Number of protein chains: 2
Amino acid sequence: MDSDVAEYLRQLRMKVTPKRLAIIDILKKESGYLSPEEIWRRMKKRFARIGLPTVYRNLEELANGKVIYRITHPNRQLYYFYCGNSVHHHHFVCVACRAVNDIEYCAIGDLQEEVRRKLSGRVVSHLLQVNGLCRNCLKKNYKGTWR
Amino acid sequence: MDSDVAEYLRQLRMKVTPKRLAIIDILKKESGYLSPEEIWRRMKKRFARIGLPTVYRNLEELANGKVIYRITHPNRQLYYFYCGNSVHHHHFVCVACRAVNDIEYCAIGDLQEEVRRKLSGRVVSHLLQVNGLCRNCLKKNYKGTWR
DNA sequence: GCTCAAATAAAAATCGTTTCTATTTAATCA
DNA sequence: TGATTAAATAGAAACGATTTTTATTTGAGC
Ligand SMILES: [Mn+2]
Ligand SMILES: [Mn+2]
Ligand SMILES: [Zn+2]
Ligand SMILES: [Zn+2]
């Protein structure tokens, strides 16, 4: 359970430090995305000394290693969430409660096809994020602006 | 040609100022996206006095009015481009030369369907951007990192 | 032309993020 | 185990893209 993560970190040639594990644990327990500062606040409950730059650095490294992911937020600040799903997929983000859920559908095949046929170009990466209101926030009739 | 823009600005209740028109004109003439500072540099060739905050403010307001659009860049800074296509579509962005081309294909119907069926949620917006190398940069064998 | 809200210039501030440097720690191996 | 060493960290400082502020100018309506 936690040893998967440790093993995965070793594969990435990253040291298995208590703070790294804690950051992953915090994100695992959260259903939605968090900002570096929010993660830092939670870290301060677990560690007497923990610097904000450490949180930033680890978040970036973990995202590089695909242990965690970023969402694209209209305020253009950084937000991260944990996702253990290793097959290609995208995300449905609740703009009210910040919950992140997997979306299986991806039309990259058709997109590549159109780029090749009409533009003679080559697709290198793509970004698909679906935003909206999750089941719960829909029930609560949340007036949806981004959080 | 330029009066379309003026008319459209009036519809948006925005004053038709020379600087606003110049910003749109600069973006229209560009095949790719530009940063606020790059637009400012071009503006300084046309106006003796032009402040960077004016450029920022106008870019945001024009984007709100859908006269221009943003791209999502990995460095999380602001970039804008002009697009006159008024039907729903997405963009293919060349990471080498910054060219932006329209993509017609959009699977929003299927995505909404999946969100409703599997998550009982409601889609409010979606973000689809395809990145890669355009025809020309492919020819030049450009080693593609983002610009 | 006159009026007034909107737009602007210029300077300053903001603040999320990154960099720097000395210190600590995890991993390796004797 | 203890020594070694590169990676990780704390804390302070810097950074810089973007935003705010205030006085001045300008476009639109009459
Ligand atoms: Mn996922
Ligand atoms: Mn377009
Ligand atoms: Zn995909
Ligand atoms: Zn779409």
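Only a predicted model underlies this, so the values are computations on that prediction, with no experimental measurement involved. Throughout, protein chains are lettered first and strands after them, A, B, ... in sequence-line order, and every chain is numbered starting at 1.
Atom CZ in A:Arg46 sits roughly 15 Å away from atom P in D:dA10 (whole-Å rounding). Between the P atom of D:dT9 and the NZ atom of A:Lys44 lies a distance of 17 Å, rounded to the nearest Å. When rounded to the nearest whole Å, the span between CG of A:Asn58 and P of D:dA7 equals 15 Å. As rounded to whole Å, 19 Å separates atom P of D:dT25 from atom CZ of B:Arg20. Between the CH2 atom of A:Trp40 and the P atom of C:dC15 there is a distance of 15 Å, rounded to whole Å. A:Tyr79 places its OH atom 9 Å from the P atom of C:dG16, with the value rounded to the nearest Å. Taking atom CG on B:Leu21 and atom P on D:dT26, their separation rounds to 16 Å, with Å as the unit. Atom pair B:Leu59:CG and C:dT8:C1' shows a separation of 15 Å (rounding to whole Å applied).
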Where protein sits on nucleotides 18-30 of chain C, one letter per nucleotide: B base, S sugar-phosphate only, - none, heavy atoms under 4.0 Å: BB-----BBS---
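Using bins of under 30°, 30° to 60° and over 60° for the plane-to-plane angle, the ring pair B:His73/B:Tyr33 lands in the perpendicular bin.
At least one donor-acceptor pair under 3.5 Å links the side chain of A:Tyr8 to the backbone N or O of A:Gly65. Remark: side-chain polar atoms of A:Arg42 are paired, donor with acceptor, to backbone N or O of A:Glu38 under 3.5 angstrom. Between the side chain of B:Glu114 and the backbone N or O of A:Glu104, at least one donor-acceptor pair lies under 3.5 Å. Checking side-chain atoms of B:Arg98 against main-chain N and O of B:Arg147 turns up a donor-acceptor pair under 3.5 Å.
Applying the 4.0 Å criterion to OP1 and OP2 of C:dG16, one finds that A:Asn75 has every side-chain N and O outside that range. Of the side-chain N and O atoms in A:Arg49, one or more sit less than 4.0 angstrom from OP1 or OP2 of D:dG11.
Taking CD of B:Glu37 as the reference point, atom CG of B:Leu78 lies at 12.0 Å (rounded to 0.5 Å). Taking CH2 of B:Trp40 as the start and CG of B:Leu59 as the end, the distance is 13.0 Å to the nearest 0.5 Å. Here the CD-CG distance, from A:Glu30 to A:Asp25, works out to 11.0 Å after rounding to the nearest 0.5 Å.
Taking the C1' atoms of five terminal pairs at each end of the helix from C:dG1-D:dC30 to C:dA30-D:dT1, the two resulting helix axes are inclined by 50°, rounded to 10°.
Side-chain atoms of B:Ile50 lie closest to C:dA9 of the nucleotides D:dT9, C:dA9, C:dG16.
For the salt bridge (charged side-chain N to carboxylate O under 4.0 Å, His left out) condition, the pairs that include at least one residue of residues 57-78 of chain A, sequence neighbours left out, are A:Arg20-A:Glu61.
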